[in-house]
Amino acid sequence: MTYTLRFVPEVEEDVFSGYLWYEAKTRGLGEEFLRMFYACAAEIPGNPLLYPKVHHEFRRRLLRRFPYAIYFMIDKGQIIVFGLFHCVRDPRTIRARLRDRGKRKRL
């Protein structure tokens, strides 16, 4: 099956926040973070079932090199990315944000 990839609007803020943090640490590292995010996101539609469910229907794809994870859901032939979160965040906080973003998507 061919899946289309789309992002909820809040993901842009998640990605930009990570970019700014890494770019402030070392010039060019933020750019590498962006490349890694988009490369990993682009791999998901090829085999989305490869990634484990971590909260109801939400699946998680870990980034290479950076301690972040992409959270997504498969819905009617689409891969919908709901968030990019740092892996040290409290899992309860991540679940709450995913729930909120998932509810808004369904409205």
Side-chain angles (χ1 to χ4, degrees):
M1 177 173 203
T2 303
Y3 295 94
T4 58
L5 182 64
R6 79 178 186 91
F7 302 87
V8 298
E10 294 89 348
V11 174
E12 182 178 2
E13 184 179 320
D14 297 343
V15 174
F16 189 62
S17 176
Y19 164 80
L20 289 176
W21 194 88
Y22 282 111
E23 198 63 25
K25 294 298 173 194
T26 303
R27 187 171 179 187
L29 191 56
E31 293 293 327
E32 180 61 26
F33 174 75
L34 288 178
R35 281 193 293 277
M36 188 59 61
F37 167 72
Y38 287 113
C40 290
E43 291 174 358
I44 294 171
N47 192 358
L49 300 178
L50 179 68
Y51 306 102
K53 287 183 182 179
V54 293
H55 178 63
H56 297 290
E57 294 300 312
F58 289 100
R59 295 175 179 272
R60 181 180 65 200
R61 196 308 182 191
L62 299 174
L63 263 62
R64 292 183 296 274
R65 186 173 177 209
F66 296 95
Y68 276 79
I70 299 169
Y71 291 85
F72 68 95
M73 186 182 289
I74 303 168
D75 185 36
K76 300 176 187 162
Q78 292 186 344
I79 303 297
I80 306 168
V81 176
F82 284 89
L84 174 70
F85 301 114
H86 196 284
C87 291
V88 298
R89 291 197 85 148
D90 184 342
R92 292 174 296 200
T93 302
I94 292 172
R95 284 192 298 270
R97 286 199 174 173
L98 291 172
R99 243 188 338 268
D100 291 346
R101 292 177 183 186
K103 286 178 188 174
R104 281 186 291 231
K105 175 235 163 225
R106 289 179 182 87
L107 295 177

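Just so we're clear, the structure is a prediction, and the values are computed from it rather than from any experiment. Positions are given from 1, in the same order as the sequence printed here. All values below were derived from every heavy atom in this structure, side-chain atoms included, with hydrogens, water molecules and symmetry-related copies excluded.
In this structure, CE on M36 lies 11.0 Å from OH on Y22, to the nearest 0.5 angstrom. To the nearest 0.5 Å, the span separating CD1 on I74 from CG on L49 amounts to 4.5 Å. In this structure, CZ on F72 lies 12.0 Å from CG on L98, to the nearest 0.5 angstrom.
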Would you sort out whether L29 and R65 count as a side-chain contact (heavy atoms from CB on, under 4.5 Å), showing the intermediate values?
CA-CA 11 Å; L29 191 56; R65 186 173 177 209; 3.5 Å; yes
Decide yes or no on side-chain contact (heavy atoms from CB on, under 4.5 Å) for R97 and R89, but give the supporting numbers first.
CA-CA 11 Å; R97 286 199 174 173; R89 291 197 85 148; 3.1 Å; yes
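The only option from F33, Y19, F85, F37 that meets the ring-ring contact (aromatic ring centres under 6.0 Å, His included) definition with F66 turns out to be F33. A side chain to side chain contact (heavy atoms under 4.5 Å, CB included) with Y51 is found for one member of I79, L62, I44 and no other, namely I44.
Y3 approaches P45 most closely through the heavy-atom pair CD1-O, 3.5 Å. Residues I94 and H86 approach most closely at CD1-O, 4.2 Å, considering heavy atoms. Pairing each heavy atom of F82 with each of M73, the nearest pair is CE1-CB, 3.7 Å. Here the closest heavy-atom approach between residue R101 and residue G83 is recorded as NH1-CA, 3.4 Å. Taking both residues in full, the closest heavy atoms of A41 and L5 are given as O-CD2, 3.5 Å, listed atom of the first, atom of the second, then distance. Across every non-hydrogen atom of G28 and E23, the tightest pair is N-OE2, 2.8 Å.
H55 has its side chain within reach of R99: a pair of non-hydrogen atoms, C-beta onward, lies under 4.5 Å apart. Using a 4.5 Å heavy-atom cutoff, the side chains of V11 and I70 are not in contact.
Taken together through direct or relayed side-chain contacts under 4.5 Å among Ile, Leu, Val, Met, Phe, Trp and Tyr, L50 and V81 form part of one hydrophobic cluster. Connection of Y71 to V88 is not established within any shared hydrophobic cluster, with ILVMFWY side chains joined at heavy-atom distances below 4.5 Å, either directly or through further cluster members.
Within a 6.0 Å sphere centred on CD of E12, other residues, nucleotides and ligands contribute 12 heavy atoms or fewer. At most 12 non-hydrogen atoms from other residues, nucleotides or ligands lie less than 6.0 angstrom from CZ of R27.
Note: Y38 and F7 have perpendicular aromatic rings, judged against thresholds of 30 and 60 degrees for the angle between ring planes.
A salt bridge links E43 with R61: the closest approach of a Lys/Arg side-chain nitrogen to an acidic carboxylate oxygen falls below 4.0 angstrom.
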